[in-house]
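Atom set for the values below is all heavy atoms of this structure, side chains included, hydrogens, waters and symmetry mates excluded.
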Amino acid sequence: MHKMRVAACLALLAASAGVRAANAGALEDGAERYRPYLIEGVASALEGARALRERAAAADLPSAKKAWLSARAGWERSEVFTAGFVPELDAQIDAWPNADSGFHAIEAKLFGAGNTDVAADATGLVEHLNDLHGKLKDIKLTPQGLLDGTVRLAYEVGESKADGGESRISGTSLDDMRNNIAGIDFAYHTIFSTALNTVDGKLDEMVTNRIEQLEAIVATPDLPHVNIADLRQTSEELVIALQSASAKLGLQRPTLEAQAR
């Protein structure tokens with residue numbers, strides 16, 4: 001009887017190891033499927049930044065603002081990746097609240113002062129985005145790093161961005177949140193959902209439900225119509241669900257602090 005129990009335990013351990021190995025392979029494959037989305041988002045940001053530089057040089061304020069908004073959207077969709085994998089470039093491109101470079105330095109001049117004298121900042125933004133875009137095909141995209149980024153961004157949506165966020169001057173914080181949630185949605189369902197569903201379908205359903213709730217909360221005409229209490233609660237619930245999912249996926253529990261992976 002004892003030998004039978006030992007054999008059963010060993011068989012269970014072997015099966016569990018097999019599941020973990022299969023999940024690891026699925027997550028690695030998912031991370032590679034995420035890469036084209038990431039490249040497209042940064043390429044969109046770079047295209048917008050180049051248009052911004054051109055329109056600002058022509059003193060065309062309305063078109064420069066439009067280009068800034070376009071660049072910003074591509075960047076916000078990519079934030080699952082940026083802080084954890086390329087923290088130095090992230091700081092140069094999206095420094096906040098000490099906005100002495102990148103998007104927010106330009107935002108203050110274009111939207112705050114109505115000034116198109118942003119040549120140096122726009123050139124720096126283009127150079128940094130171009131540098132990042134050139135690195136994307138070779139950067140190792142780890143499932144751990146992407147889960148960390150997904151959790152961190154979900155938390156930011158409900159906390160620092162819920163009260164007006166980074167883009168108060170341009171008034172685009174609602175769009176920032178929408179693009180962030182779109183990035184979270186794509187990353188989760190491309191990389192993690194299938195593997196999690198294999199081991200815990202209810203938890204996968206919970207994560208999907210919370211993402212859908214966030215999308216519904218920000219589907220309002222403007223920021224004042226966003227139910228901030230619901231946004232914060234749903235964001236927190238999504239963070240907790242994703243942290244719970246980490247062990248089932250064979251990954252470390254994500255923290256809310258940026259760490260290079």
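Inter-residue side-chain proximity for Tyr188 and Thr208 is flagged as met; some heavy-atom pair is nearer than 4.5 Å. Under the 4.5 Å side-chain criterion, counting only non-hydrogen atoms from C-beta, Phe85 is in contact with Thr142. Between Ile211 and Leu238, some side-chain heavy-atom pair lies under the 4.5 Å cut-off. No side-chain heavy atom of Thr116 sits under 4.5 Å from any side-chain heavy atom of Asp60. Annotation: side chain of Leu141 is in contact with side chain of Leu38 (closest heavy-atom distance under 4.5 Å). Side-chain contact between Trp75 and Leu129 is present, with at least one heavy-atom pair separated by less than 4.5 Å. When side chains are defined from C-beta on, Val86 counts as touching Ile139, because their heavy atoms get closer than 4.5 Å. Put simply, the side chain of Leu251 reaches to within 4.5 Å of the side chain of Leu27, judged on heavy atoms.
Side-chain polar atoms of His133 and Asn130 form no donor-acceptor pair below 3.5 angstrom. There is no side-chain donor-acceptor pair under 3.5 Å between Tyr34 and Asp29.
Closest non-hydrogen pair, Asp185 versus Glu215, comes out as OD2-OE2, 2.7 Å. Residues Leu196 and Ala245 share a closest heavy-atom pair of CD2-CB, 3.7 Å. Annotation for Ala105 and Asp100: closest pair CB-C, 3.9 Å, computed over non-hydrogen atoms. Closest approach of Leu146 to Ala31, counting heavy atoms only: CD1-CB, 3.9 Å. A pairwise comparison of heavy atoms in Leu61 and Asn115 identifies CD1-N, 4.4 Å as the closest pair. The two residues Val226 and Ile217 make their nearest non-hydrogen contact at CG1-CG2, 3.9 Å.
Between the side chain of Ser246 and the backbone N or O of Gln243 there is at least one donor-acceptor pair closer than 3.5 Å. At distances below 3.5 Å, at least one donor-acceptor pair connects side-chain atoms of Arg33 with backbone N or O atoms of Thr190. Under the 3.5 Å distance criterion, the side-chain polar atoms of Ser70 are left unmatched by any main-chain donor or acceptor of Lys66. With hydrogens and angles ignored, the 3.5 Å screen pairs a side-chain donor or acceptor of Glu107 with a backbone N or O of Ser170. Within the 3.5 Å criterion, the main-chain N or O of Phe103 finds a donor-acceptor partner in the side chain of Trp68. The closest donor-acceptor contact from the side chain of Arg35 to the backbone of Leu136 lies under 3.5 Å. Between the side chain of Ser235 and the backbone N or O of Leu231, no donor-acceptor pair lies under 3.5 Å. Between the side chain of Ser101 and the backbone N or O of Gln92 there is at least one donor-acceptor pair closer than 3.5 Å. Judged purely by atom type and a 3.5 angstrom limit, Asp222 uses its side chain to pair as donor or acceptor with the backbone of His225.
Residues Lys109 and Asp121 are paired through a salt bridge, judged by an N-O separation under 4.0 Å between the basic side chain and the carboxylate. The pair Lys140-Glu28 counts as a salt bridge, with a side-chain nitrogen and a carboxylate oxygen less than 4.0 angstrom apart.
Connection of Ile39 to Leu89 is established within a shared hydrophobic cluster, with ILVMFWY side chains joined at heavy-atom distances below 4.5 Å, either directly or through further cluster members. Each of Val151 and Ile240 belongs to its own hydrophobic cluster when Ile, Leu, Val, Met, Phe, Trp and Tyr are linked at side-chain heavy-atom distances under 4.5 angstrom.
Between the CD atom of Glu76 and the CG atom of Asn180 there is a distance of 4.5 Å, given to the nearest 0.5 Å. Between the CG atom in Leu242 and the CG atom in Leu153 there is a gap of 11.0 Å [rounded to 0.5 Å]. Atoms CZ and CD, on Arg253 and Gln144 in that order, are 12.0 Å from each other to the nearest 0.5 Å. For the atom pair CD (Glu159) and CZ (Arg232), the distance works out to 5.5 Å, reported to the nearest 0.5 Å. In this structure, Asn209 CG and Lys202 NZ are separated by 14.0 Å, a value rounded to the nearest 0.5 Å. The CZ atom of Arg152 lies 7.5 Å from the OG1 atom of Thr255; values are rounded to the nearest 0.5 Å.
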Open item on the list: Assess the residue pair Asp131 and Lys135 against the criterion (salt bridge (charged side-chain N to carboxylate O under 4.0 Å, His left out)); give the C-alpha distance rounded to whole Å, side-chain angles, the decisive distance to 0.1 Å, and a yes or no.
Closed with: CA-CA 7 Å; Asp131 184 14; Lys135 297 177 185 295; 3.5 Å; yes
Task: salt bridge (charged side-chain N to carboxylate O under 4.0 Å, His left out) between Glu40 and Arg77, intermediate numbers included - done: CA-CA 10 Å; Glu40 186 279 329; Arg77 291 197 303 272; 3.6 Å; yes
TODO: Show the numbers, then the answer: is there a salt bridge (charged side-chain N to carboxylate O under 4.0 Å, His left out) between Asp94 and Arg72?
DONE: CA-CA 10 Å; Asp94 199 29; Arg72 187 76 182 152; 2.7 Å; yes
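Within a 6.0 Å sphere centred on CD of Glu205, other residues, nucleotides and ligands contribute 12 heavy atoms or fewer. Within a 6.0 Å sphere centred on CD of Glu47, heavy atoms belonging to other residues, nucleotides or ligands number 12 at most.
If you run side chain to side chain contact (heavy atoms under 4.5 Å, CB included) between Asp200 and each of Leu203, Thr198, Asp204, only Leu203 comes through.
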